[in-house]
Amino acid sequence: MSAAPLAAAFYDRPVLKVAPDLLGCVVAHGDAAGVIVETEAYHFSEPAAHSFVGVTPRTVVLHGAPGTAYVYRSYGIHALLNAVCEPEGVGAAVLIRALEPLRGEGAMRARRKVARWEDLCNGPGKLTQALGVDLEAHGTSLIDGPVRIFGRPQRWHAVAHVVGPRIGITKAAELPWRFCALGSRCVSKPWPPGLRPAAAARS
DNA sequence: CATGGGATTGACT
DNA sequence: GTCAATCCCATGC
């Protein structure tokens with residue numbers, strides 16, 4: 001499998017290209033790691049993005065260097081993990097919405113008390129809890145910081161994906177900027193049209 | 001200084 | 001299907 005984290009040049013591209021390219025890549029924090037199976041793109045030009053309001057103390061990281069982690073708290077409870085994209089100053093990011101557990105499943109289960117494997121990381125707030133990522137990771141590098149993203153392992157090399165509308169937002173909800181890996185049981189609901197979990201898929 | 005909203009989740013009817 | 005929990009911070013007075 002790929003040994004080196006994705007380089008800054010990977011993130012320094014249009015966010016609509018980076019988001020699907022991140023599917024199948026590996027997020028690692030401590031001893032836990034998972035394969036990305038769902039992402040969403042956000043860009044300063046549309047009102048659902050936090051960077052839409054411009055540079056504030058809250059969003060300064062979003063407008064920072066590509067390859068930086070943007071972590072924020074949602075609804076006062078959940079930490080959501082994003083990867084800053086495009087050249088510095090633009091204000092674009094990819095939200096990591098779901099993972100498939102790869103390593104450290106025992107640590108994940110210790111942090112999340114759920115029975116089913118596919119429930120460990122099938123949501124943006126769930127995967128941060130499972131990996132043990134919190135606001136301390138905000139603003140750190142995804143290349144040499146505590147949270148890193150690696151290239152696709154062999155079995156995910158040619159992962160296919162489907163596109164759908166983003167989830168849980170009230171503005172610009174119609175944009176088809178959500179990307180889900182085909183063949184994973186760990187994509188969060190609701191599944192976009194055309195996606196079936198692997199367990200129910202026909203060969 | 002007060003207010004309100006949010007890229008969610010899990011528990012409950 | 002509905003609804004509350006609970007933190008950060010932008011905005012407005």
Side-chain angles (χ1 to χ4, degrees), chain A residues 11 14-16 18-20 22-23 25 27 34 36-64 66 68-86 90-101 108-140 142 147 149 161-181 185-192 195 197:
Chain A
Y11 302 98
V15 69
L16 289 179
V18 178
L22 275 174
L23 295 173
C25 295
V27 179
I36 299 170
V37 293
E38 182 177 351
T39 62
E40 284 178 2
Y42 287 88
H43 190 265
F44 77 94
S45 62
E46 42 88 17
H50 290 175
S51 51
F52 182 72
V53 297
V55 179
T56 67
R58 181 186 192 172
T59 63
V60 63
V61 168
L62 266 179
H63 297 261
T68 304
Y70 172 70
V71 185
Y72 83 102
R73 191 170 299 288
S74 176
Y75 292 86
I77 302 175
H78 310 285
L80 272 60
L81 174 64
N82 304 250
V84 176
C85 296
E86 310 222 6
V90 171
V94 175
L95 169 67
I96 312 298
R97 280 194 59 87
L99 302 178
E100 193 166 302
M108 292 182 185
R109 289 189 182 279
R111 285 185 280 258
R112 283 181 53 69
K113 296 172 293 195
V114 295
R116 284 157 45 210
W117 173 82
E118 59 265 36
D119 286 337
L120 282 173
C121 299
N122 64 339
K126 300 177 184 181
L127 69 91
T128 53
Q129 185 184 10
L131 289 180
V133 172
D134 58 20
L135 298 186
E136 292 178 9
H138 180 59
T140 63
L142 294 169
V147 181
I149 303 183
H161 67 269
V162 294
V163 179
R166 294 176 295 182
I167 302 302
I169 57 177
T170 58
K171 290 167 277 197
E174 74 286 357
L175 291 176
W177 286 9
R178 180 190 186 204
F179 305 90
C180 303
R185 294 146 57 197
C186 299
V187 172
S188 65
K189 291 196 256 189
W191 297 313
L195 189 150

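The chains referred to below are lettered A, B, ... by the order of the sequence lines, with proteins before strands, and numbering in each begins at 1.
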Original post:
Can you tell me if the side-chain N/O atoms of A:Thr56 get under 4.0 Å from OP1 or OP2 in C:dA10?
Top reply: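 Answer yes for this pair, as a side-chain N or O of A:Thr56 is under 4.0 Å from OP1 or OP2.
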Subject >> Short side-chain N/O contact to B:dG6 OP1/OP2 from A:Thr170, under 4.0 Å >> reply: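 Answer yes for this pair, as a side-chain N or O of A:Thr170 is under 4.0 Å from OP1 or OP2.
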Rounded to the nearest angstrom, tell me the gap between atom [atom1] in [X] and atom [atom2] in [N].
X	N	atom1	atom2	result
A:Phe52	B:dG5	CZ	C1'	16 Å
A:Lys126	B:dA11	NZ	P	10 Å
A:His50	C:dC8	NE2	P	15 Å
A:Arg112	B:dT8	CZ	P	15 Å
A:Leu135	C:dT6	CG	C1'	13 Å
A:Leu80	B:dT9	CG	C1'	11 Å
A:Lys171	B:dG6	NZ	C1'	8 Å
A:Phe44	B:dA7	CZ	C1'	18 Å

**OP:** Answer yes or no: is there a donor N or O on one side and an acceptor on the other, between the side chain of A:Glu100 and the main chain of A:Val37, under 3.5 Å?
**Re:**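 Judged by distance alone, no pair lies under 3.5 Å.
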Report yes if the side chains of [X] and [Y] come closer than 4.5 Å at any heavy-atom pair, otherwise no.
X	Y	answer
A:Tyr42	A:Ser51	no
A:Phe179	A:Glu38	no
A:Leu62	A:Tyr72	no

Subject >> Any-strand Watson-Crick or G-U partner of B:dG10, both distances under 3.5 Å >> reply: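 Across all strands, the one nucleotide that pairs with B:dG10 is C:dC3.
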Subject >> Sugar-phosphate only, base, or nothing, as touched by A:Ile169 at under 4.0 Å among non-hydrogen atoms >> reply: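 Since only primed, P, OP1 and OP2 atoms lie under 4.0 Å of A:Ile169, the category is sugar-phosphate.
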**OP:** Answer with base, sugar-phosphate or nothing: what part of the nucleic acid does A:Arg97 contact at a heavy-atom distance below 4.0 Å?
**Re:**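 Sugar-phosphate, no base atom in range.
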Subject >> A:Lys126, A:Met108, A:Arg112 screened by side-chain contact (heavy atoms from CB on, under 4.5 Å) with A:Cys121, the one that passes >> reply: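 So the option named by the test is A:Met108.
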Original post:
If we require ring centres under 5.5 Å and near-parallel planes under 30°, does A:Tyr72 stack on B:dA7?
Top reply: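 No; centroid distance or tilt outside limits.
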Original post:
Of all the nucleotides listed (C:dT11, B:dG6, B:dA7), which has the minimum atom distance to the side chain of A:Tyr75?
Top reply: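 For A:Tyr75, the side-chain atoms sit closest to B:dG6.
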Original post:
Picking from B:dA7, C:dA10, C:dC7, which would you name as closest to the side chain of A:Leu62?
Top reply: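 Of all the options, the side chain of A:Leu62 is nearest to B:dA7.
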Subject >> Same-atom distance (C1') from B:dA7 to C:dG1, integer angstrom >> reply: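 The answer is 23 Å between these two C1' atoms.
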Original post:
Start at the 5' end of DNA chain B and walk down; is the nucleotide closest to A:Arg58 or to A:Gln129 reached first?
Top reply: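 The answer here is A:Arg58.
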